[in-house]
There are 2 protein chains.
Amino acid sequence: MATPEPTSLPPTKGRSGAKDVARLAGVSTATVSRVLNRSQQVDPATRERVLEAAAKLRYVPHGAARTLRSHRSKMVGAIVPSFDYALYARTTSALQQRLDERGYALVLAEHHYELAAETRIAGQLVEHGVDAFVLVGLDHEQRLFSLLQDYGRPYVLTWGVDGAQRHPSIGFDNRAATLAVTRHLVGLGHRRIGLLSAPPEGNDRARARGEGLRAGLAEAGLTLDPRHIAYAPISLAAAEAAMQQLLAAPERPTAVVATNDVFAVGAMIACRKTGVRIPQDLSITGVDNTDLGATQTPGLTSVATPITEIGRAAADQLVARLEGLPCETFQAFPVELVHRGSTAPPPSE
Amino acid sequence: MATPEPTSLPPTKGRSGAKDVARLAGVSTATVSRVLNRSQQVDPATRERVLEAAAKLRYVPHGAARTLRSHRSKMVGAIVPSFDYALYARTTSALQQRLDERGYALVLAEHHYELAAETRIAGQLVEHGVDAFVLVGLDHEQRLFSLLQDYGRPYVLTWGVDGAQRHPSIGFDNRAATLAVTRHLVGLGHRRIGLLSAPPEGNDRARARGEGLRAGLAEAGLTLDPRHIAYAPISLAAAEAAMQQLLAAPERPTAVVATNDVFAVGAMIACRKTGVRIPQDLSITGVDNTDLGATQTPGLTSVATPITEIGRAAADQLVARLEGLPCETFQAFPVELVHRGSTAPPPSE
DNA sequence: TTGTAGGCGTTATCAA
DNA sequence: TTGATAACGCCTACAA
């Protein structure tokens with residue numbers, strides 16, 4: 001034994017198994033299993049004895065053994081882009097809570113906006129035997145879809161709706177969100193509207209939200225000036241820097257549509273530092289209606305998205321599919337524009 | 001078959017096992033195992049063949065089987081109070097990232113500030129076979145500690161330091177955080193300082209932070225007026241309501257120490273709605289130095305806490321203990337006061 | 001260096 | 001309704 005001996009995990013030290021419970025209750029392990037798995041085929045009296053014995057021994061079933069034999073781990077895997085900025089936290093929270101109620105545990109990981117990492121992590125989750133998957137967004141590597149296909153277990157894409165209905169999905173119309181704010185801005189009289197967004201590659205939400213802006217502009221016979229587009233990774237600092245570019249652009253836009261509240265608040269910070277007044281000099285809008293945006297001065301006009309509903313619905317759908325119950329595999333929830341003080345008519349020239 | 005048939009999970013449908021890899025590589029399953037577990041005892045040529053075969057068959061080991069046999073699941077369980085408000089998100093993120101690098105998956109759950117729920121969930125994590133635990137805070141049910149004792153695996157408490165060193169812990173001095181802000185406020189001339197906090201029961205962080213305020217006041221020969229204390233659950237709305245009480249209190253405080261940034265921002269909102277100017281009429285401070293506080297107008301004076309360091313250190317410690325390597329089981333990181341615009345001398349009477 | 005064989009703790013299939 | 005028994009897929013002695 002050369003290595004420091006991996007902390008020799010006591011094989012099953014004091015822990016008692018189904019066998020112990022069976023012995024104490026005077027039944028076989030098969031009966032113990034039946035009782036604990038709520039099978040109806042068991043005499044109330046014996047059930048009682050078994051439960052007593054299990055309680056007395058503080059019996060905790062061995063999940064791995066159960067998984068190995070039954071092919072169900074009672075774990076659901078979720079891979080989200082990031083825990084930061086509370087963008088996905090509320091969805092994850094709702095998901096976890098609902099899964100917990102249904103007796104499932106959540107195995108959670110981040111991919112930091114790298115789809116290759118997402119695929120790799122999905123492989124690990126398969127290895128850990130999760131019964132189902134929750135993914136964020138519609139864009140994923142083909143390899144990931146192949147993996148899911150081979151694995152043959154339920155999965156659901158969230159935060160977007162798959163128009164072609166190729167994959168079960170639960171979300172909302174990201175395009176509609178920015179379309180709504182754009183109409184609002186155009187209605188206020190804005191003609192030069194900029195875009196502050198996450199890089200669109202591999203991020204369907206960012207793409208759809210950008211399209212919403214373009215569509216809204218097109219409705220009014222306007223176009224998106226390429227010089228009025230700035231992409232940045234999702235962080236306040238990066239958004240602030242990107243906004244500085246837009247502020248320095250020729251024919252500076254009178255309004256900026258940010259594809260989420262983090263970008264929008266980063267933009268507000270840039271404006272504060274530059275002395276650009278919101279909304280008198282420039283209007284700014286976000287998406288997701290987070291506390292971060294709502295508590296700014298002035299409050300951020302944003303679009304409320306159904307982030308907790310998505311988490312709950314994802315849990316419900318997956319559990320239903322795992323238990324062979326009927327369910328909706330495609331769900332879209334509405335979004336709603338929330339007016340606050342960050343938008344106003346453009347300054348008169 | 002009466003019930004809708006639990007989606008008959010294909011036992012091992014197409015999925016290939018170690019046996020398949022062994023056959024294709026022309027070796028035994030033992031050798032496959034050795035190759036995949038980086039045992040040195042294997043001929044480079046055979047190793048190569050095995051890896052090729054594994055890749056060809058897209059072999060993914062069956063975690064449950066491995067766990068059952070090896071008594072190590074390569075999963076770490078973490079239970080945090082809540083995903084909301086990004087208070088614990090950054091710690092969780094750092095934890096997950098570091099665990100992932102080390103080949104461990106994170107099973108994550110919330111207890112919503114209910115310690116009984118925490119104990120229940122810990123039991124589920126035991127059932128799922130996690131190799132180690134990360135808990136937040138020092139306060140936990142005795143039942144939970146018993147459970148951990150029985151389970152006999154590593155665990156670490158975070159976000160606090162266990163002075164008595166009864167349990168491995170990684171955190172910072174919560175008392176010192178509010179002590180620092182209190183000294184700052186006292187130094188500015190404040191004599192009536194209020195407290196806005198989470199209910200202290202079962203929340204050692206809140207208690208320690210409250211004590212920091214009391215200690216800072218005591219240093220200056222001052223005391224905390226009971227009428228200047230307000231407790232609220234952790235949410236912006238609740239904090240706002242609690243702050244309204246403080247604003248309505250007799251001999252209104254000239255400064256309020258909030259035990260975290262969420263409370264502080266909730267307090268700022270209350271002030272805005274009431275026409276109380278910050279910092280001219282009232283100073284406010286937070287703890288945790290979140291983006292939420294930093295982006296307010298004026299910026300929130302707060303205390304930077306080592307939240308990502310905690311996550312990383314927790315992962316490092318647990319992995320080290322699991323692998324029998326040496327490590328620090330008690331770690332304290334420093335905190336740092338961050339001055340922003342929400343604090344100023346009290347108004348002259 | 002490699003193969004053989006037994007068992008980890010549970011659930012499922014039978015038969016009783 | 002209950003019990004005996006055989007897997008589940010892998011790891012790890014031990015033997016070769």
Side-chain angles (χ1 to χ4, degrees), chain A residues 1 3 5-6 8-23 25-50 53-54 57 59-74 126-129 131, chain B residues 1 3 5-6 8-23 25-50 53-54 57 59-74 126-129 131:
Chain A
M1 200 68 60
T3 53
E5 156 84 282
S8 97
L9 301 175
T12 317
K13 206 169 57 176
R15 194 170 169 182
S16 40
K19 205 176 296 185
D20 304 299
V21 177
R23 196 179 315 121
V27 298
S28 73
T29 61
T31 300
V32 172
S33 174
R34 285 185 199 107
V35 170
L36 272 54
N37 293 294
R38 296 174 188 66
S39 167
Q40 311 306 333
Q41 318 283 52
V42 52
D43 185 277
T46 35
R47 141 167 290 133
E48 203 49 46
R49 266 186 301 142
V50 169
L57 295 175
Y59 170 63
V60 177
H62 193 294
R66 184 218 296 290
T67 300
L68 181 59
R69 181 61 236 223
S70 68
H71 303 285
R72 341 185 96 259
S73 65
K74 300 287 254 177
V126 166
E127 186 163 337
H128 283 294
D131 291 335
Chain B
M1 200 71 61
T3 54
E5 155 86 283
S8 100
L9 301 175
T12 316
K13 205 169 56 176
R15 192 170 172 183
S16 39
K19 204 177 299 185
D20 303 298
V21 177
R23 194 178 318 119
V27 298
S28 73
T29 60
T31 300
V32 171
S33 173
R34 284 192 275 260
V35 169
L36 271 54
N37 294 294
R38 296 173 187 67
S39 167
Q40 312 307 330
Q41 320 282 53
V42 51
D43 186 278
T46 35
R47 139 167 292 131
E48 203 50 46
R49 265 185 303 143
V50 170
L57 295 176
Y59 169 63
V60 177
H62 194 293
R66 163 192 292 158
T67 300
L68 182 59
R69 183 57 234 233
S70 68
H71 301 284
R72 338 185 95 260
S73 65
K74 297 289 253 176
V126 167
E127 186 163 339
H128 283 294
D131 291 335

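The sequence lines fix the lettering, A, B, ..., with proteins before strands; numbering per chain opens at 1.
Checking Thr29(A) against Val42(B), the closest nucleotide of DNA chain C that is more toward the 5' end is the one next to Val42(B). Between Gln41(B) and Ala64(A), it is Gln41(B) whose nearest contact on DNA chain C lies nearer the 5' terminus.
Taking atom CG on Leu36(A) and atom C1' on dT10(C), their separation rounds to 11 Å, with Å as the unit. Between Lys19(B) atom NZ and dC11(D) atom P there is a gap of 14 Å when expressed in whole angstrom units. Atom C1' of nucleotide dT11(C) and atom NE2 of His71(A) are separated by 10 Å, given to the nearest angstrom. Following rounding to the nearest Å, His62(A) (NE2) and dG9(C) (C1') show an atom-to-atom distance of 7 Å. Distance Asn37(A) CG to dG9(C) P: 17 Å, rounded to the nearest Å. Atom P of nucleotide dT1(C) and atom CD of Glu48(B) are separated by 16 Å, given to the nearest angstrom. In this structure, CG of Leu68(A) is placed 11 Å from P of dT11(C), rounded to the nearest angstrom. Taking atom CZ of residue Arg34(B) and atom C1' of nucleotide dG3(C), one finds them 7 Å apart after rounding to whole Å.
Residue Ser70(A) has no polar side-chain atom (N or O) positioned under 4.0 Å from OP1 or OP2 of dT11(C).
Within the 3.5 Å criterion, the main-chain N or O of Ala64(A) finds no donor-acceptor partner in the side chain of Thr67(B).
Within the nucleic acid shown, Val27(B) comes within 4.0 Å of sugar-phosphate atoms alone, with no base atom in reach, counting heavy atoms only. Using a 4.0 Å heavy-atom cutoff across all strands shown, Thr31(B) reaches sugar-phosphate atoms only and no base atom. Across all strands, Thr46(A) comes closer than 4.0 Å only to sugar-phosphate atoms, never to a base (heavy-atom distances).
Looking at Arg34(B) and Arg47(B), their side chains never come closer than 4.5 Å, going by heavy atoms from C-beta outward. Contact of the Leu36(A) side chain with the Val50(A) side chain is registered, since non-hydrogen atoms from C-beta on lie closer than 4.5 Å.
Listed nucleotides: dT4(C), dT2(C), dT10(C). Nearest to the side chain of Ala30(B): dT4(C). Of the candidate nucleotides dT2(C), dA12(C), dC10(D), dC10(D) has the atom lying nearest to any side-chain atom of Ala65(B).
Distance check: Ser33(B) OG to Arg66(B) CZ gives 8.5 Å after rounding to the nearest 0.5 Å. Here the CG atom belonging to Leu68(A) is positioned 12.5 Å from the CZ atom belonging to Arg69(B), to the nearest 0.5 angstrom.
At a cut-off of 3.5 angstrom, the base of dC8(C) holds no donor-acceptor pair with the side chain of Arg69(B).
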